Protein chains: 2
Amino acid sequence: MNTVKEQLHKSGYKLTPQREVTLSVLLENKSKHLSAEDIFQRVKEQYPEIGLATVYRTLELLYDLKIIDKANFGDGVSRYDFKQSGAKHYNHHLICVNCGKVIEVEDDLLYDVEKIVEHDYKFKVLNHRLTFHGVCRECQLKDESNE
Amino acid sequence: MNTVKEQLHKSGYKLTPQREVTLSVLLENKSKHLSAEDIFQRVKEQYPEIGLATVYRTLELLYDLKIIDKANFGDGVSRYDFKQSGAKHYNHHLICVNCGKVIEVEDDLLYDVEKIVEHDYKFKVLNHRLTFHGVCRECQLKDESNE
DNA sequence: TTAATTGCAAATGTTTTGCATTGGA
DNA sequence: TCCAATGCAAAACATTTGCAATTAA
């Protein structure tokens, strides 16, 4: 949190209460993939006067500073969460098509695949996004007991 | 094309000229990742009376019938293209951060990774999406010559 | 003090929907 | 014939922007 404040300061941005509250909501919800609207609702509990536009502007700022990630699971809404410290790449996601749950995979499973892409396609990889769609463990168990 | 018409028929949908033209545009632009607006513009050349809503409805229909893929490269616009016949999974995409080009990777590079996910997370994988962000070969060469 | 930041409302851009009309089966 | 499909305009969304008022540094 303090590192982030320093980073804002160093980049010449002001530390407003709106930004502080938005940051704390993001910190309390690491890896929860909240939408801007979700974040707005939670921020309003602590700071009711805030406007949605300010939340969007803060999220954009944090994204530009590479403090948060922005993901997009195909439902037309961007979702945000704190970057794992030191992560050079996005996490992988497992999305359950049954219950909608999003599971975070922190390992980098793509090292070998990146090597293939760089070699076969002469494509210099900077980052990647990997999402699996399928059925989570709990839903598999539920389905079995229903049959 | 005829297979698709049959499929529409079997599912009880009518074969309208609007749908035929939209299909032919999609067929002529396999793997080009056109947006609904792109498709609308091209369809209008052959069928000027068509409305944008009809294009959206046709795309949704073809997507539900699993005839086309719908992808989303983070610019807020859905992009559509024909599924490779027999493909059980989405292709991988390489997106050049410099020129915006999208390169299609038809190989399935994720077999081993899926095995790991299924084992370690007990997650039954049905499909996957893999996107690499980086610099394409041409842009790498261009950058070198600029330095 | 003063330029950055905010809140609001209006604008934007994509996609969806209501409804009267049309047309494929 | 008759219900599915269409075109249009309006609505519904997420997100961005203009601008006057406010505020952190």
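The structure displayed is predicted, hence computed values, not measured ones.
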Partner residues of Tyr56(B) under the side-chain hydrogen bond (donor to acceptor under 3.5 Å, both in side chains) criterion, sequence neighbours left out: none

Please set out all donor-acceptor pairs under 3.5 angstrom arising from side-chain atoms of residues 113-126 of chain A, sequence neighbours excluded.
residue	atom	partner	partner atom	Å
Glu114(A)	OE2	His128(A)	ND1	2.5
Glu118(A)	OE2	Val125(A)	N	2.8
Tyr121(A)	OH	Asp107(B)	OD2	3.1
Lys122(A)	NZ	His119(A)	O	3.0

For Ile68(A), the option from Leu59(A), Asp81(A), Thr22(A) that meets side-chain contact (heavy atoms from CB on, under 4.5 Å): Leu59(A)

Proximity to DNA chain D (any heavy atom under 4.0 Å), residues of residues 52-60 of chain B only: Ala53(B), Thr54(B), Arg57(B)

Under the side chain to side chain contact (heavy atoms under 4.5 Å, CB included) test, residues paired with Asp64(B) that sit two or more places apart: Glu60(B)

Interatomic distance, Leu34(B) CG vs dT14(C) C1' [rounded to whole Å]: 16 Å

Partners meeting side-chain hydrogen bond (donor to acceptor under 3.5 Å, both in side chains) with Gln41(B) (sequence neighbours left out): Glu37(B)

Interatomic distance where CD1 belongs to Ile50(B) and C1' belongs to dT21(C) [whole Å]: 17 Å

Sugar-phosphate, base or nothing in reach of Ser78(A), heavy atoms under 4.0 Å: sugar-phosphate

Separation of dT6(C) P from Glu20(A) CD (nearest whole Å): 12 Å

Side chain to side chain contact (heavy atoms under 4.5 Å, CB included) partners for Glu104(A), two or more places apart: Ser31(A), His33(A), Asn91(A), His93(A), Glu106(A)

Euclidean distance, atom CZ of residue Arg79(B) to atom P of dG13(C) [Å, nearest integer]: 15 Å

Test log, rule salt bridge (Lys or Arg N to Asp or Glu O under 4.0 Å), inputs Glu20(A) and Lys5(A): CA-CA 9 Å; Glu20(A) 270 192 279; Lys5(A) 289 185 185 175; 3.0 Å; yes

By side-chain hydrogen bond (donor to acceptor under 3.5 Å, both in side chains) - contacts of Arg57(B) (at least two apart): none

Within 45° cone of Tyr80(B) ring axis and under 6.0 Å: Lys70(B) NZ or CZ: no

Separation of atom CD1 in Ile39(B) from atom C1' in dT14(C), rounded to whole Å: 14 Å

Salt-bridge present (Lys101(B), Glu138(B); N to O < 4.0 Å): yes

Interatomic distance, Asp64(A) CG vs dT5(C) P [rounded to whole Å]: 12 Å

Side chain to side chain, Arg19(B) and Leu62(B), heavy atoms closer than 4.5 Å: no

Members of residues 40-48 of chain B that approach DNA chain C, where some heavy atom sits under 4.0 Å away: none

Whole-Å distance separating the NZ atom of Lys5(B) from the C1' atom of dG24(C): 14 Å

Table of protein N/O atoms under 3.5 Å from nucleotides 23-25 of chain D N/O atoms:
residue	atom	partner	partner atom	Å
dA24(D)	N3	Lys14(A)	NZ	3.2
dA25(D)	OP1	Leu15(A)	N	3.0

Counterpart residues, side-chain hydrogen bond (donor to acceptor under 3.5 Å, both in side chains), relative to Lys44(B) (two or more places apart): none

Members sharing Val102(A)'s hydrophobic cluster (side chains within less than 4.5 Å): Phe73(A), Ile95(A)

Separation of dA5(D) P from Glu49(B) CD (nearest whole Å): 19 Å

Inter-end axis angle, the helix from dT1(C)-dA25(D) to dA25(C)-dT1(D), with every axis fitted to five base pairs (rounded, 10 degrees): 40°

Side chain to side chain, Leu23(A) and Phe82(A), heavy atoms closer than 4.5 Å: yes

